[in-house]
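Just so it is clear, the values below take in all heavy atoms, side chains as well, and ignore hydrogens, waters and symmetry mates. Order of the sequence lines fixes the chain letters, A, B, ..., with proteins taken first and strands second; residue numbering starts at 1 for each chain.
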Amino acid sequence: MSSAPTGFGKGCHLHLIDGSAFIFRAYHALPPLTRKSDGLPIGAVSGFCNMLQRYVEDNTGPDAPTHVAVIFDKGSHTFRNDLYDLYKANREAMPEDLRPQIPLTRQATEAFNIACKEMEGFEADDIIATLACQAREAGGRVTIISSDKDLMQLVGDGVEMLDAMKNLRIGVDGVREKFGVGPERVVDVQALAGDSVDNVPGAPGIGIKTAALLINEYGDLDALLERAGEIKQPKRRQTLIDHADQIRLSRQLVQLDCKTPLDFGLDDLEVKDPDPEVLMGFLTEMEFRTLTRRISEKLGVEAPVIEAPKAAEAEPVEMPSFDDAEYVAVTSAEELAPWIAQIRERGWVAVDTETTGLNEMVAELVGISLAVEPGRACYIPLQHRAEGEGLFESTELAEGQMGLDEALDALRDVLESDAIVKIGQNMKYDTKIFARYGVQVAPIDDTMLMSYAMHGGEHNHGMDTLSERYLGHTPIPIKPLLGSGKSAITFDRVPIDKATQYAAEDADITLRLWQIFRPELHKARVTTVYETLERPLVPVLAQMEMHGIKVDRDTLSRMSNAFSQKMAALEDEIHELAGEKFNVGSPSQVGGILFDKMSLPGGKKGKTGKYSTPADVLEDLATEHDLPGRVLDWRQLSKLKSTYTDALQEHINSDTGRVHTSYAIAGANTGRLASTEPNLQNIPVRSEEGRRIREAFVAEPGNVLVSLDYSQIELRILAHIAKIPELKQAFDDGLDIHAMTASEMFDVPLEEMTPDIRRQAKAINFGVIYGISGFGLARNLRIPRAEAQGFIDRYFERFPGIKDYMADTKGFAKEHGFVQTLFGRKIHTPEINAKGPRSGFAQRAAINAPIQGTAADIIRRAMIRMPAAIEGMPAKMLLQVHDELLFEVAEDAVDDLIPRAREVMEGAADPAVHLDVKLVVDAGKGANWAEAH
DNA sequence: GACATCACG
DNA sequence: GACGTACGTGATGTCC
């Protein structure tokens, strides 16, 4: 490139490169490359650098530019969103593997020593427009390197465009060819035609052709709208009259702003040669071998050596010791600003919220901590209370804190920005807290879920466990800060200096874990699991939990009273039968009465040396005596009352009148969710009396509850995985699967099937899923062990695929230490090679895990797709119960919802996995859950 | 806090 | 040949 004269003016030539267009073209043109050493996605950066290099090579000689800049978009919110909130609203979210590459493209531009410009809240197009206008006024030439038609309005008077891909120059004639009008009328045509890509509405039914025709006829848009009544075609005339405001708005949206306030001038954009050291340094860091070699030859410098990393012994991420960590309190907007700047520069931040409690529906935000690099984190105290005097607790806020609204406003753009990943440990908690304060946190990463995807089955995924295992550091315990028992305090009463050390460390730990996990995720080949089955579930579950389900207190309360009375009567009867008073709720006392006092047979003692009296034992004894049956009845009522009718009432949120469960995403080993506080996945249904509890789960007036559940999903998955043709056929034919199994096993024709034979076959079918044993089946069916073993042998004989599946799965687990679902989820089986009974447990768990886990993956996929599928419908997804989804739906929308939701559920395995067996979903509806199920 | 029991899929 | 045995969860009450 030639050297530039000083002062932009006549004879100067400015090149403006549309950076975002480069990035997206690079991203889509290249396969998803990753950096060898750590798995960082790097494809788009690589393509971007190649494009820059080709640009530099192509632009030497007499027509070389004197000034050049690459212009980027920044921030997702611009003045156009204020004009029209749906502007660019239908844009697809940025692909996850592109996001971390965005900051790197800025670095790449700077490494090439090309001016790199962006302005918060402005689109690149407006900056390009402003610079083009300035250059034109100064008498220079401008080439805009882009193929974006929105920029064509700038062409003319020394400004032209260059489509670098097609190597096509576009001047006034080119614009006329594209739009049918000159550059000065392009916005008028665009205003009429609209733009589906940017979601500019325009005039319905009018495209570029018609728009150009109209503009050419009437001169310009204002004249056209003014004289719209003169248009001959009635439909077109009416459209323009009806949508005049929308058309004017559209013009505002497409009109580029030549007056963007810039903090730099044209003279800052002078062409400069790259500094070989800087450029080589960047390319080497990115590990671009070919490009490094090529450019080093051009520059005449020696190519640095990029060492091929050995994957197995990749260097651990270097991190400062926790002893040297710097944790500071941020108490003002001025102190917060540099943190925000650094976050924007990186494109990521670890976030942690401190609150007054663990229940996200009621906890108040007390403070926020942020970490951007290991060892450096801050805590923003917001709602700590001043220390009280004497016995009285103060309700005053402590001094030295940032205002809550001020802090949230300052952080909102970061927390909601598409370009910044918010990293958290269990982000569902934090996103729910922020949502209650009006901040929608996205996109996210979650270290708990990353660990779950990589290490499921090896250990739990709490912060303490992860920090100790992967950082060798024990986090500051919360206990000493909050105390325990009656004297426990909430976090808002913790002194700010202590809170800062605790809270900032949590963010620091989270960031460190993320930096370690990110490359590991790729190495463990579970990135897809994490990105398609774990992370996207977070906002879905957060919504369900926040919405909650209405529970009718009166219904529960009435039932509770009825239970009390029945229990009291039973208790008297039991004491009478026993001849003494004792605690019926104490299994060991019941055992004492039955086995010592009454000398009934079958008394077994547990590991604590006390009698054990589980239901099946009492059931057997019920034939001998009246007492065991009464105890069983009493236990059932006691369970229903204490766990359901009483406890559920305590969980009704006083603000919403609804019950808000919490789903653990990383709780169950198999990929299932777990529901806690309260557990809404074990609401009674099997017994008639228990099922009535579900009558208390109701829909709001005008709504109904709709339940959709997968029919026999685990057996279908077994049929697929173990490749059992008979089972597959039976499912395809819609047969009764247990009856079919019975017929096959016992040589009984279907039409002669008895309920008892079918019941036995059903037990065997389930037994298979659980990793059957003769003993277990015998106990379940209460038949001799030899007979049970005979059944199993027969089953294996008829369906040999099952035996192979079990043997293969055990073998795989023994060799690899984990098993997998059809979708790639890993479930580790660390005890598979243990000796003693533990390996037996592990083997059966290994057989069950791929089946249960695949079913869990499928319903996760359905849940993740559901919000988009039912968008706009008056329907909410409320609960998941492993193979069932429960919705609350406006009555008149039920007939729309059911087929849509069913379609999502039945097709949830596609396209990742094609099942040989179709999935079938049954549906029910009603005013309450008992009716819907 | 461990254990036994029982609610669900 | 004996040993212990269906899979996955969470909540509650007793007992120490």
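Taking atom CD1 of residue Ile693(A) and atom P of nucleotide dT12(C), one finds them 13 Å apart after rounding to whole Å. Atom pair Gln636(A):CD and dA7(B):P shows a separation of 6 Å (rounding to whole Å applied). Between the CG atom of Leu640(A) and the P atom of dA7(B) there is a distance of 7 Å, given to the nearest Å. Residue Ile717(A) contributes atom CD1, which lies 16 Å from atom P of dG8(C) at whole-angstrom precision. Residue Ile764(A) contributes atom CD1, which lies 17 Å from atom P of dA6(C) at whole-angstrom precision. Rounded to whole Å, atom P of dG9(B) lies 17 Å from atom CZ of Arg716(A). Computed from coordinates, the Asn460(A) CG to dG10(C) C1' distance equals 16 Å when rounded to whole Å. Atom CG of Asn679(A) is separated from atom P of dA7(B) by 13 Å (rounded to the nearest Å).
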Detail all sub-3.5 Å separations between protein N/O atoms and N/O atoms belonging to nucleotides 13-16 of chain C.
{"unit_1": "dT14(C)", "atom_1": "OP1", "unit_2": "Asn583(A)", "atom_2": "ND2", "d": "3.3"}
{"unit_1": "dT14(C)", "atom_1": "O3'", "unit_2": "Ser586(A)", "atom_2": "OG", "d": "3.4"}
{"unit_1": "dC15(C)", "atom_1": "OP1", "unit_2": "Ser586(A)", "atom_2": "OG", "d": "2.5"}
{"unit_1": "dC15(C)", "atom_1": "OP1", "unit_2": "Gln589(A)", "atom_2": "NE2", "d": "3.1"}

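Checking dA7(B), dC6(B), dG9(B) against the side-chain heavy atoms of Val685(A) singles out dG9(B) as nearest. Comparing atom distances between the Arg672(A) side chain and each of dT5(B), dG9(B), dC8(B) picks out dG9(B) as nearest. Comparing dT12(C), dA7(B), dA4(B) by their nearest atom to the side chain of Thr608(A) picks out dA4(B). Comparing dG10(C), dC8(B), dG8(C) by their closest approach to the side chain of Asn669(A) singles out dG8(C).
In this model, a side-chain donor or acceptor of Arg686(A) finds a partner on the base of dG9(B) within 3.5 Å.
Contacts between residues 842-861 of chain A and DNA chain C, counted as heavy-atom distances below 4.0 Å, involve Arg844(A), Ala845(A), Asn848(A), Gln852(A). Near-neighbour residues of DNA chain C inside residues 619-635 of chain A, defined by a heavy atom below 4.0 Å, are absent. DNA chain C lies under 4.0 Å from at least one heavy atom of each of the following residues of residues 766-786 of chain A: Gly767(A), Tyr770(A), Ile772(A), Ser773(A), Phe775(A), Leu777(A), Arg779(A), Asn780(A), Arg785(A). Listed by residue number, the members of residues 787-822 of chain A with any heavy atom below 4.0 angstrom from DNA chain C form an empty set.
Within the structure, salt bridge (charged side-chain N to carboxylate O under 4.0 Å, His left out) contacts touching residues 825-841 of chain A (residues at least two apart or in different chains) are Glu534(A)-Arg825(A), Arg825(A)-Asp857(A), Glu831(A)-Arg838(A). Residue pairs meeting the salt bridge (charged side-chain N to carboxylate O under 4.0 Å, His left out) criterion with at least one member in residues 765-784 of chain A, sequence neighbours excluded: Glu619(A)-Arg782(A), Asp620(A)-Arg782(A).
Ring geometry for Tyr611(A) versus Phe595(A): interplanar angle of 30 to 60°, hence tilted. Using the six-membered ring where Trp is involved, Phe766(A) and His738(A) have ring planes that are tilted, between 30° and 60° apart.
Residue Ile683(A) is classed as a sugar-phosphate contact, given heavy-atom separations below 4.0 Å to backbone atoms only. Looking at heavy-atom distances under 4.0 Å, Ala664(A) makes no contact with the nucleic acid at all. Within the 4.0 angstrom heavy-atom criterion, no nucleotide atom of any strand lies near Pro837(A). Residue-level contact check: Gly840(A) touches neither bases nor backbone, having no heavy atom under 4.0 Å from any strand.
Of all non-hydrogen atoms in Thr809(A) and Ala846(A), the two that sit nearest each other are CG2-O, 3.3 Å. Closest approach of Leu705(A) and Ile549(A) over heavy atoms only: CD1-CD1, 4.4 Å. Here the shortest heavy-atom pairing between Ile832(A) and Ser839(A) reads O-CB, 3.7 Å. When all heavy atoms are compared, the tightest approach of Arg694(A) to Ile683(A) is NH2-O, 2.8 Å. Nearest heavy atoms, Leu878(A) versus Gly548(A): CD2-O, 3.4 Å. Nearest heavy atom pair, residue Leu879(A) against residue Tyr663(A), reads CA-OH, 3.3 Å.
For the P atoms, the distance from dT5(C) to dA4(B) is 12 Å, rounded to whole Å. Remark: the separation of the P atoms in dT5(B) and dA6(C) is 14 Å, to the nearest Å. On the C1' atoms, dC3(C) is 31 Å away from dC8(B), given to the nearest whole Å.
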- Message: salt bridge (Lys or Arg N to Asp or Glu O under 4.0 Å) for Glu650(A) and Arg553(A)? Distances and angles first, verdict last.
- Response: CA-CA 9 Å; Glu650(A) 318 257 310; Arg553(A) 185 186 296 275; over 6 Å; no
- Does the pair Lys428(A) and Glu545(A) meet the rule for a salt bridge (Lys or Arg N to Asp or Glu O under 4.0 Å), with working shown? CA-CA 10 Å; Lys428(A) 178 156 64 67; Glu545(A) 295 172 13; 2.7 Å; yes
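Distances shorter than 4.0 Å separate some side-chain N or O of Thr613(A) from OP1 or OP2 on dT5(B). Phosphate proximity of dC6(B) to Thr643(A): absent, as no side-chain N or O sits under 4.0 Å from OP1 or OP2.
Arg630(A) places no side-chain N or O within 3.5 Å of a backbone atom of Leu570(A) that could act as its donor or acceptor partner. Under the 3.5 Å distance criterion, the side-chain polar atoms of Arg716(A) are matched with a main-chain donor or acceptor of Ser711(A).
Residues passing the salt bridge (charged side-chain N to carboxylate O under 4.0 Å, His left out) test with Arg759(A), sequence neighbours excluded: Asp756(A). Contacts of Ser675(A) classified as side-chain hydrogen bond (donor to acceptor under 3.5 Å, both in side chains), with partners at least two apart in sequence or in another chain: Thr661(A). Checked against ring-ring contact (aromatic ring centres under 6.0 Å, His included), His720(A) has no partners two or more places apart in sequence or in another chain. Considering only residues two or more places apart in sequence or on other chains, Thr854(A) meets the side-chain hydrogen bond (donor to acceptor under 3.5 Å, both in side chains) condition with none of them.
Aromatic pair Tyr530(A)/Tyr452(A): centroids not less than 6.0 angstrom apart. Aromatic pair Phe791(A)/Tyr795(A): ring centres not closer than 6.0 Å.
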- Note on the structure: Per-residue pairing states of DNA chain C in dot-bracket (Watson-Crick or G-U under 3.5 Å; . unpaired, | other strand) read ......|||||||||.
